[in-house]
Amino acid sequence: MRLSVVGSGDAFGSGGRSNTCFWLETAKATLVIDFGASALPALKANKLDPGQIDAVVLSHLHGDHFGGLPFLLLDYQFLARRERPLVIAGPPGTRARLDAALEVFFPKSTGTKWRFACRVEEIALDTDTELLGHTVRTTEVIHQSGAPSTALRLSDGKRVFAYSGDTEWTEALLPIAAGADLFVCECYAYAGKMTGHMSWEILKPKIPDLCAKRLMLTHMNPTVLARLDEIRAAGVLVAADGLVTDV
């Protein structure tokens, strides 16, 4: 399993980073985890072919995590002229929110006769779900998005990738992270407690409890970006757009 970080930014593009998008190549498929508003141009800037994507897995339904999907779908329809199937898997409410986004950005686009089969799956919480030969498990975390916001754990049978999504600290992250080869965790701020997001001050003492083999921070605002040397000195990886690593 190999991870390419397409976007590691917060909703505001702090540090010039793109919205969240993680490209995962496994022995079974090519998946992307989240597809924020800037994900499609970021893929192309990193010379990653959107046509290789077999499935998109969404943690939650905020624009910086799923807002690029209308553009991806229309790229497939009119530019790439995709013919092979695509799966979009996300939390309950994904189908309705995706349709709403399509209609806002491109009115009447939900009536398109797609050139390719596009299946939207809504992942049940706290149960193992099969996705193109992978096992996916999600759990609800603390982040208001108008639908369940989730952390997720994905295994191809050899490696485990885990991701916090956007959330405050919650004990629900522990079984998601435990034993993962790589746990990617949001760390929006350096210090303090805030609604719906994590800070380094709160996360740092919890790291031993996560029991992940490696930890990588993402979704950082300028207060964190200014202190990356301190975070790396603690043995924690830092996501950066264009970073490639084996899981």
Side-chain angles (χ1 to χ4, degrees), residues 2-26 29-90 94 97-110 112 114-116 118 120 145 152 154 161 163-166 184 186-188 216-222 224-225 228 237-245 247:
R2 174 166 288 189
L3 167 69
S4 297
V5 178
V6 179
S8 59
D10 58 12
F12 316 113
S14 295
R17 295 167 177 240
S18 293
N19 292 155
T20 300
C21 184
F22 302 110
W23 176 284
L24 277 181
E25 297 173 74
T26 80
T30 297
L31 314 174
V32 289
I33 311 300
D34 282 350
F35 205 84
S38 56
L40 183 57
L43 283 178
K44 294 181 179 183
N46 282 281
K47 296 181 169 53
L48 294 169
D49 178 7
Q52 294 182 13
I53 297 170
D54 297 299
V56 180
V57 184
L58 303 174
S59 66
H60 68 289
L61 302 176
H62 273 154
D64 58 320
H65 291 261
F66 95 107
L69 282 179
F71 303 95
L72 179 68
L73 295 176
L74 293 183
D75 181 292
Y76 285 158
Q77 181 76 1
F78 297 112
L79 185 61
R81 302 184 73 78
R82 182 184 180 112
E83 295 183 350
R84 66 192 190 87
L86 176 72
V87 179
I88 298 172
T94 295
R97 192 74 65 86
L98 177 57
D99 284 350
L102 281 163
E103 285 300 314
V104 166
F105 292 131
F106 302 101
K108 299 186 179 179
S109 59
T110 53
T112 300
W114 300 103
R115 297 172 51 84
F116 57 97
C118 181
V120 177
S145 63
L152 63 89
L154 185 147
F161 170 86
Y163 170 46
S164 68
D166 282 3
V184 177
E186 82 115 280
C187 189
Y188 178 69
M216 177 185 287
L217 300 191
T218 191
H219 208 276
M220 298 162 284
N221 79 11
V224 184
L225 295 174
L228 296 185
L237 303 172
V238 176
D241 295 8
L243 175 69
V244 180
T245 184
V247 174

Side chain to side chain contact (heavy atoms under 4.5 Å, CB included) between I53 and L43, worked out: CA-CA 11 Å; I53 297 170; L43 283 178; 4.0 Å; yes
Residue pair V184, F161: steps toward the side chain to side chain contact (heavy atoms under 4.5 Å, CB included) verdict: CA-CA 8 Å; V184 177; F161 170 86; 3.6 Å; yes
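Scanning for side chain to side chain donor-acceptor pair (under 3.5 Å) contacts around S145 gives S149, with sequence neighbours left out. In this view, T110 and E103 satisfy the side chain to side chain donor-acceptor pair (under 3.5 Å) rule, not counting sequence neighbours. Evaluation of the side chain to side chain donor-acceptor pair (under 3.5 Å) rule for Q52 yields no partner, not counting sequence neighbours. Taking the salt bridge (charged side-chain N to carboxylate O under 4.0 Å, His left out) definition, one finds that D241 meets it with nothing, sequence neighbours left out. Every residue meeting the side chain to side chain contact (heavy atoms under 4.5 Å, CB included) condition with F78, not counting sequence neighbours, appears here in chain and number order: L74. Residues meeting the side chain to side chain donor-acceptor pair (under 3.5 Å) test with R115, sequence neighbours left out: E83. Scanning for side chain to side chain contact (heavy atoms under 4.5 Å, CB included) contacts around V120 gives I88, T94, R95, L98, with sequence neighbours left out. Residues meeting the side chain to side chain contact (heavy atoms under 4.5 Å, CB included) test with D54, sequence neighbours left out: A29, T30, R84, L132. Residues meeting the side chain to side chain contact (heavy atoms under 4.5 Å, CB included) test with A89, sequence neighbours left out: E121, I123, L131. Applying the ring-ring contact (aromatic ring centres under 6.0 Å, His included) criterion to F66, with sequence neighbours excluded, gives no partner residue.
Applying the salt bridge (charged side-chain N to carboxylate O under 4.0 Å, His left out) test to residues at least two apart or on different chains, the pairs with a partner in residues 37-53 are K44-D75.
Between V32 and V57 the shortest side-chain heavy-atom distance does not fall below 4.5 Å. Between F35 and L40, some side-chain heavy-atom pair lies under the 4.5 Å cut-off. With a 4.5 Å cut-off on side-chain heavy atoms, L48 and S4 count as touching. Residues L243 and L237 fail the side-chain proximity criterion, which asks for heavy atoms closer than 4.5 Å. Looking only at side-chain heavy atoms (C-beta outward), V5 and T218 stay at 4.5 Å or farther from each other.
Panel note: side chain Y76, backbone P50; a donor-acceptor pair is recorded below 3.5 Å. Within the 3.5 Å criterion, the main-chain N or O of F116 finds no donor-acceptor partner in the side chain of R82.
Tested against D34, the residues H219, H65, H62 include a single side-chain hydrogen bond (donor to acceptor under 3.5 Å, both in side chains) partner, H65.
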What donor-acceptor contacts under 3.5 angstrom involve side-chain atoms of residues 15-24, with partners at least two apart or in another chain?
unit_1 : atom_1 : unit_2 : atom_2 : d
R17    : NH1    : S8     : OG     : 2.9
R17    : NH1    : A239   : O      : 2.6
N19    : OD1    : A37    : N      : 3.3
N19    : ND2    : D10    : O      : 3.2

